[in-house]
Chemist: 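Provided herewith is a single structure, encoded as structure tokens, for subsequent inquiry.
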Amino acid sequence: MAASAVGGNHLHTTWKHIVIIVTTLLLLCAPSVCAQCRILRCNSDFVAATLEIGVIGGGRKDGANAVYCSALRSYALCTQRTARACRGDLAYHSAVQGIEDLLIQHRCPKTGPTAQPRPLPPLSRDGCFYEKAFMQREGRAPEYLHCGVFGDPHIRTFNEEFQTCAVQGAWPLIDNQYLYIQATSTPTRGSSYTTILTKITVILKNWRECAELQIYQAELDNVPPAFVDGSVTGGDRRGHQSLRVHSHDPGRHAEIWATHIGTMIVVRQVGRSLSLSVRSPRAIVESHTPEQDLQLCVWGCPVSQRLETPYAHPSTPAYTHCSSLLPVRDVYFQACLFDLQVTGDLNSSASAVAALEDARAMISDPDRIHLLTDRAGNNPPSLPVALALSILVETLRRTFLGPV
């Protein structure tokens with residue numbers, strides 16, 4: 001009986017280890033989980049708030065302590081808003097525990113007023129030039145991210161994931177503090193699961209004195225070279241326009257420049273489908289709240305709406321045709337294969353070619369242009385993931401088979 005109890009305890013301990021290993025493995029397999037974590041912003045806001053009241057460790061007077069408690073509650077609210085993206089971040093979990101300890105130490109109620117947001121400083125001369133202002137503030141150029149939506153549609157996300165989606169209806173591609181982009185997909189003729197983009201709506205939100213609300217809308221066979229109100233510029237500041245629309249091919253192509261947020265948007269019609277390419281700074285892309293969690297360019301399409309690329313033998317006409325246009329076996333080659341096999345139309349390959357050209361224009365690092373997936377590049381699993389897998393397998397073997 002004692003032996004049975006020992007064996008049971010051993011099994012319980014072993015399963016605890018397995019849970020830990022599986023959790024670690026999931027975190028290692030999902031690097032994008034931490035990509036949007038904004039805990040450092042929460043930390044800096046709290047430090048700034050406490051510096052302003054002159055009581056970094058909490059004040060002794062009732063008034064100062066009340067202000068300090070408000071700052072703590074604001075800190076807690078900030079961590080709650082970024083909780084989803086920070087699940088695997090140790091700094092986040094340390095901050096959450098630290099807030100709990102400080103609330104108890106200073107006898108702060110968990111509910112009550114929060115610290116008022118700091119007033120925005122006046123804009124500098126170059127405040128409406130995102131890149132110039134960033135260079136002056138940080139001493140380096142901003143990190144730019146790219147999203148492309150084209151073809152069936154296929155999505156290359158800001159996090160450099162690639163998916164083919166069967167989404168129908170209107171879906172948000174980008175939804176943050178400065179920008180909202182929505183795309184409408186409709187089923188292709190003769191198919192119940194493949195779709196194409198037929199409408200794209202871009203809303204550039206009002207931002208201080210740099211830009212007023214402006215809307216751009218494109219539909220199939222109508223890609224206008226102007227905003228909805230007919231203007232081609234906006235946000236006039238000292239003779240500079242923060243918003244501009246330009247077209248090389250009116251009716252089928254438009255470029256939208258928003259210099260106050262360092263963002264470029266390209267809308268095209270390729271064949272019988274619209275496409276979208278976006279280049280935007282990381283700070284702009286990440287300026288969203290937890291409620292804005294449905295963004296295809298950030299999170300990709302829902303798992304239930306993702307389609308697999310059908311296998312194509314190298315001897316097939318589709319493989320030969322796509323290889324002649326796209327020699328690198330990257331995601332654009334995959335998209336070309338998918339569209340060609342689904343539609344049977346050689347012209348459908350043009351959307352992947354145009355999307356690759358946009359990626360070349362928007363991505364400064366040549367090594368990042370040809371995004372390879374496991375299927376396209378047969379990439380082996382990373383070393384940490386392989387090690388975690390091997391440890392998991394060995395633990396399971398010892399649990400059920402015993403030591404050798």
Side-chain angles (χ1 to χ4, degrees), residues 146-158 161-175 180-203 216-224 247 249-256 265-278 294-310 312 317-318 321-322 325-326 330-359 371 373:
H146 167 65
C147 174
V149 186
F150 60 98
D152 187 67
H154 312 285
I155 298 176
R156 174 177 178 158
T157 72
F158 285 126
E161 297 177 350
F162 176 74
Q163 300 164 3
T164 298
C165 304
V167 293
Q168 294 186 22
W171 290 75
L173 300 177
I174 298 174
D175 183 10
Y180 180 84
I181 301 179
Q182 177 179 281
T184 302
S185 296
T186 57
T188 56
R189 188 174 300 174
S191 174
S192 59
Y193 67 93
T194 57
T195 56
I196 56 171
L197 295 184
T198 55
K199 185 176 181 179
I200 294 174
T201 302
V202 179
I203 301 176
Y216 176 86
Q217 194 166 86
E219 297 186 58
L220 208 58
D221 297 325
N222 182 23
V223 182
S247 178
D249 186 7
R252 301 184 69 85
H253 165 272
E255 291 180 4
I256 305 169
I265 303 165
V266 176
V267 180
R268 298 181 185 274
Q269 177 167 336
V270 183
R272 298 303 303 161
S273 176
L274 298 178
S275 68
L276 177 86
S277 294
V278 181
L294 184 58
Q295 302 183 63
L296 270 59
C297 271
V298 177
W299 310 109
C301 56
V303 175
S304 61
Q305 301 293 314
R306 298 177 189 176
L307 302 174
E308 291 292 330
T309 303
H321 179 74
C322 291
L325 298 173
L326 302 157
D330 58 5
V331 296
Y332 302 100
F333 176 79
Q334 278 187 246
C336 176
L337 278 181
F338 185 98
D339 292 347
L340 191 50
Q341 290 180 92
V342 168
T343 65
D345 180 8
L346 291 177
N347 293 326
S348 65
S349 58
S351 64
V353 175
L356 176 58
E357 290 303 312
D358 284 341
L371 182 62
T373 65

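Note: hydrogens, waters and symmetry copies are ignored here, and every other heavy atom, side chains too, is used. We're numbering straight along the sequence, starting at 1.
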Chemist: Determine the interplanar angle of the F150 and Y332 rings, folded into 0 to 90°, and report it as parallel if under 30°, tilted if 30 to 60°, perpendicular if over 60°.
Modeler: parallel

Chemist: Of all heavy-atom pairs between L337 and C322, which one has the smallest distance, and what is that distance?
Modeler: N-SG, 3.5 Å

Chemist: Going through the distances and angles, do L276 and V266 end up as a side chain to side chain contact (heavy atoms under 4.5 Å, CB included)?
Modeler: CA-CA 6 Å; L276 177 86; V266 176; over 6 Å; no

Chemist: Kindly compute the distance separating CZ (R272) from CG (N347), expressed to the nearest 0.5 Å.
Modeler: 12.0 Å

Chemist: What are the two closest heavy atoms between A254 and P224, and how far apart are they?
Modeler: CB-O, 3.7 Å

Chemist: For the pair S348 and T343, evaluate side-chain hydrogen bond (donor to acceptor under 3.5 Å, both in side chains) and give the outcome as yes or no after the intermediate values.
Modeler: CA-CA 7 Å; S348 65; T343 65; 3.2 Å; yes

Chemist: For the side chain of Y216 and the backbone of I200, is there at least one donor-acceptor N/O pair under 3.5 Å apart?
Modeler: no

Chemist: Is any side-chain heavy atom of H146 closer than 4.5 Å to one of S277?
Modeler: yes

Chemist: Answer yes or no: is there a donor N or O on one side and an acceptor on the other, between the side chain of R306 and the main chain of C301, under 3.5 Å?
Modeler: yes

Chemist: Using a strict 4.0 Å threshold on nitrogen-to-oxygen distance, state whether D249 and R268 make a salt bridge.
Modeler: no

Chemist: For the residue pair Q163 and G300, what are the closest heavy atoms and their distance?
Modeler: OE1-CA, 3.2 Å

Chemist: Taking the side chain from H253 and the backbone from V267, do they hold a donor-acceptor pair closer than 3.5 Å?
Modeler: no

Chemist: Closest heavy-atom contact between V270 and S275?
Modeler: CG2-OG, 4.3 Å

Chemist: Taking the six-membered ring where the residue is Trp, are the ring centres of F338 and H154 under 6.0 Å apart?
Modeler: yes

Chemist: Can you tell me how far apart CG (L197) and OG1 (T184) are? Round to the nearest 0.5 Å.
Modeler: 8.5 Å

Chemist: With no hydrogens and no angle check, do the side chains of T201 and Q217 hold a donor and an acceptor under 3.5 Å apart?
Modeler: yes

Chemist: Once side chain to side chain donor-acceptor pair (under 3.5 Å) is applied, do any residues pair with T198, and if so which ones, sequence neighbours excluded?
Modeler: none

Chemist: I'd like to know if the side chain of Q269 reaches the main chain of D221, judged simply by a donor and an acceptor atom lying under 3.5 Å from each other, with no hydrogens or angles considered.
Modeler: yes

Chemist: Report yes or no: does Q295 contribute a side-chain atom to a donor-acceptor pair with the main-chain N or O of D175 at less than 3.5 Å?
Modeler: yes

Chemist: So L325 and V353, side chain to side chain contact (heavy atoms under 4.5 Å, CB included) or not? Walk me through it.
Modeler: CA-CA 7 Å; L325 298 173; V353 175; 4.1 Å; yes

Chemist: Tell me which pairs pass salt bridge (charged side-chain N to carboxylate O under 4.0 Å, His left out) where either residue lies in residues 338-347, with sequence neighbours left out.
Modeler: none

Chemist: Just do the side chain to side chain contact (heavy atoms under 4.5 Å, CB included) check on C297 and V149 with the steps written out, would you?
Modeler: CA-CA 8 Å; C297 271; V149 186; 4.1 Å; yes

Chemist: Test V278 against I174 for side chain to side chain contact (heavy atoms under 4.5 Å, CB included), laying out the working first.
Modeler: CA-CA 10 Å; V278 181; I174 298 174; 4.0 Å; yes

Chemist: Are side-chain heavy atoms of Q168 and P187 found at a separation under 4.5 Å?
Modeler: yes

Chemist: Rounded to the nearest 0.5 Å, what's the gap from CD on Q305 to CG on L296? Could you check?
Modeler: 9.5 Å

Chemist: Quick check for you: to the nearest 0.5 Å, what is the distance between Q334 atom CD and F162 atom CZ?
Modeler: 5.5 Å

Chemist: Go through the steps to decide whether S349 and H321 satisfy the test side-chain hydrogen bond (donor to acceptor under 3.5 Å, both in side chains), and finish with yes or no.
Modeler: CA-CA 9 Å; S349 58; H321 179 74; 3.1 Å; yes

Chemist: Please examine the side chains of V298 and T157, heavy atoms only from C-beta on, and report whether any two atoms are closer than 4.5 Å.
Modeler: no

Chemist: Return the minimal non-hydrogen interatomic distance between L326 and F333, and the atom names on each side.
Modeler: O-CD1, 3.5 Å

Chemist: Can you give me the closest heavy-atom contact between L294 and P172, atom names plus distance?
Modeler: O-CG, 2.9 Å

